[in-house]
Protein chains: 2
Amino acid sequence: MDGRLSGVGVVDKAVALLAAVESGARTLNELVGLTGLPRPTVHRLAAALVAHGLIRRDEELHYLPGLRLIALGRAASQSLPLARVAQRPLEDLRDATGESAQLYVREGEGRVCVAVAESPHGLRTIVPLGAVLDLRRGSAGAVLRAEPAVLARGFADSVGEREPGVASVSAPVLHGDRVVAAISVSGPVERTSREPARRYAAAVMAAARAVEAAAGLR
Amino acid sequence: MDGRLSGVGVVDKAVALLAAVESGARTLNELVGLTGLPRPTVHRLAAALVAHGLIRRDEELHYLPGLRLIALGRAASQSLPLARVAQRPLEDLRDATGESAQLYVREGEGRVCVAVAESPHGLRTIVPLGAVLDLRRGSAGAVLRAEPAVLARGFADSVGEREPGVASVSAPVLHGDRVVAAISVSGPVERTSREPARRYAAAVMAAARAVEAAAGLR
DNA sequence: TGATCTTGTCTCACATAATGAGACAAGATT
DNA sequence: AATCTTGTCTCATTATGTGAGACAAGATCA
């Protein structure tokens with residue numbers, strides 16, 4: 001369960017249920033365990049979500065993410081033109097560096113991966129689309145926090161900060177002087193070296209410029 | 001707003017809000033108009049959803065689908081192994097017929113498109129991933145309703161039934177004697193002719209068998 | 001075999017928690 | 001300056017969601 005509060009209890013509980021189902025809970029009692037809610041409450045709320053297609057149940061009565069979420073997820077992706085427009089630059093960046101490239105946007109106190117281009121290597125960084133990461137960690141985190149030092153330099157790098165063994169370099173995508181997104185390359189330190197910036201900073205910044213141009217940001 | 005009731009009012013309202021935002025409502029009053037809910041209620045509920053990332057607001061305070069939905073949508077897709085496994089057969093079917101191919105599963109009194117392979121033609125059928133269609137219409141609807149006549153024949157066809165000008169042929173994907181999905185080709189009647197079955201039935205049924213094989217259904 | 005868990009489900013008395021009319025400030029139009 | 005229209009907030013009211021507990025049906029035990 002994620003502990004956020006919203007002022008509307010039912011919504012908190014319903015979202016906790018969605019998160020629990022997303023994270024693989026299948027049986028009623030698993031949902032109860034994961035959310036900490038009383039069983040009848042889980043049952044009733046889950047039933048309500050099922051009625052709306054946000055949760056579904058298979059023939060064994062297992063709870064699963066509802067198919068309605070597919071369309072909602074699509075709508076969310078499409079509501080962010082930046083993600084669509086960044087796809088090409090991301091792929092170029094991936095091809096130029098050989099490493100996985102991602103686009104992140106800030107979301108409250110976290111950051112969300114909204115576009116990816118995966119490295120062809122067998123050993124590569126994988127950040128699932130939609131993944132919510134810690135805003136306090138990683139080079140993309142530093143960018144999205146709009147750290148003055150980072151903005152002055154035009155990029156940020158990190159080694160094993162968010163996850164051991166992976167290094168990354170990120171650059172801000174700017175709209176005027178506002179950071180609207182962070183574009184990153186990341187890969188295993190074995191390939192990227194302990195000073196990934198030296199190798200990748202230029203390419204990442206170029207990609208950021210490409211995204212800005214494609215998005216028509218001045 | 002979709003008028004479904006679930007027994008938990010707050011959930012109904014929250015879902016109505018998600019639907020409204022999905023369908024493009026951007027301002028508070030648009031949400032009010034679309035859902036029929038009182039303004040303070042919309043405001044409070046929307047704020048709650050924003051706190052959880054299911055809705056987001058841009059710098060102009062417009063309401064937009066929340067990025068959290070991206071991950072949930074992914075989870076929903078992945079929870080349906082059939083969709084992943086059907087991708088190849090769908091593409092083969094598309095290539096064999098030149099028309100768009102879709103996989104539908106039943107969801108309550110509707111049907112949801114869970115996988116697609118789009119025709120290369122300029123004029124083609126487009127069914128967005130996650131789209132919820134009428135179970136009562138179209139050849140895929142007949143399949144998912146498990147109509148005896150359809151099951152006996154092994155396929156269904158329709159011309160201009162769900163949407164004027166488009167014809168389709170669908171076959172059931174079976175698990176034992178249970179219909180678990182419908183696989184379809186559809187295109188403009190100008191190309192498919194008024195008797196699409198003659199041309200496509202065999203290919204669609206073959207695709208259904210391929211999906212069953214790939215999914216390990218006996 | 002019968003006893004004991006553990007499922008999912010449902011009811012219902014209770015008070016928490018959501019409600020929504022109304023008021024407010026701040027822009028935008030007039 | 002007067003009038004809409006935004007988004008936002010409060011607060012008295014009670015509708016609404018709550019969850020302990022009971023139930024039936026399997027599963028697993030002895």
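Chain naming here is simple, since letters A, B, ... match the order of the sequence lines and numbering starts at 1 in each. Being a predicted model, the structure only gives us computed values, none of them experimental.
Contact detail for Ser158(A) and Pro196(A): the closest heavy-atom pair is O-CG, 4.3 Å. When all heavy atoms of Ile70(B) and Gly130(A) are compared, the closest pair comes out as CG2-CA, 3.6 Å. Across every non-hydrogen atom of Pro89(B) and Val211(B), the tightest pair is CB-CG2, 3.7 Å.
Atom P of dT4(C) sits at a distance of 22 Å from the matching atom of dG8(C), rounded to the whole Å. On the P atoms, dA20(D) is 13 Å away from dA17(C), given to the nearest whole Å. Comparing the C1' positions of dT18(D) and dT14(D) gives a spacing of 15 Å, expressed to the nearest Å.
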Output side-chain donor-acceptor pairs under 3.5 Å for residues 77-85 of chain A, partner residues at least two apart or in another chain, one line each.
unit_1, atom_1, unit_2, atom_2, d
Ser77(A), OG, Gly73(A), O, 3.3
Ser79(A), OG, Ala76(A), O, 2.7
Ser79(A), OG, Arg56(B), NH2, 2.5

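Not counting sequence neighbours, the partners of Arg124(A) by the salt bridge (Lys or Arg N to Asp or Glu O under 4.0 Å) test are Glu118(A). Partners of Arg153(A) by salt bridge (Lys or Arg N to Asp or Glu O under 4.0 Å), not counting sequence neighbours: none found.
Interface limits on DNA chain D: the 5'-most and 3'-most nucleotides within less than 4.0 Å of chain A heavy atoms are dG17(D) to dG21(D).
Residues Ser100(A) and Thr125(A) bring no donor and acceptor atom of their side chains to less than 3.5 Å of each other. Judged by distance alone, the side chains of Arg26(A) and Tyr63(A) never bring a donor and an acceptor atom under 3.5 Å apart.
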Check: protein-nucleotides 17-20 of chain C nitrogen or oxygen pairs below 3.5 Å:
unit_1, atom_1, unit_2, atom_2, d
dA18(C), OP1, Gly9(A), N, 2.5
dA18(C), OP1, Val10(A), N, 3.1
dT19(C), OP1, Lys13(B), NZ, 2.7
dT19(C), OP2, Arg44(B), NH1, 2.5
dG20(C), OP2, Thr41(B), OG1, 3.0
dG20(C), N7, Arg44(B), NH2, 3.1

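Listed in residue order, the members of residues 56-65 of chain B having a heavy atom less than 4.0 Å from DNA chain C come to none.
Taking the charged nitrogens against the carboxylate oxygens, Arg106(B) and Glu109(B) do have a contact shorter than 4.0 Å, which makes a salt bridge.
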(message) Show, in sequence, the C-alpha distance, side-chain angles and deciding distance for Leu174(A) and Glu212(A), and conclude whether the side chain to side chain contact (heavy atoms under 4.5 Å, CB included) test is met.
(response) CA-CA 7 Å; Leu174(A) 296 168; Glu212(A) 288 161 4; 3.5 Å; yes

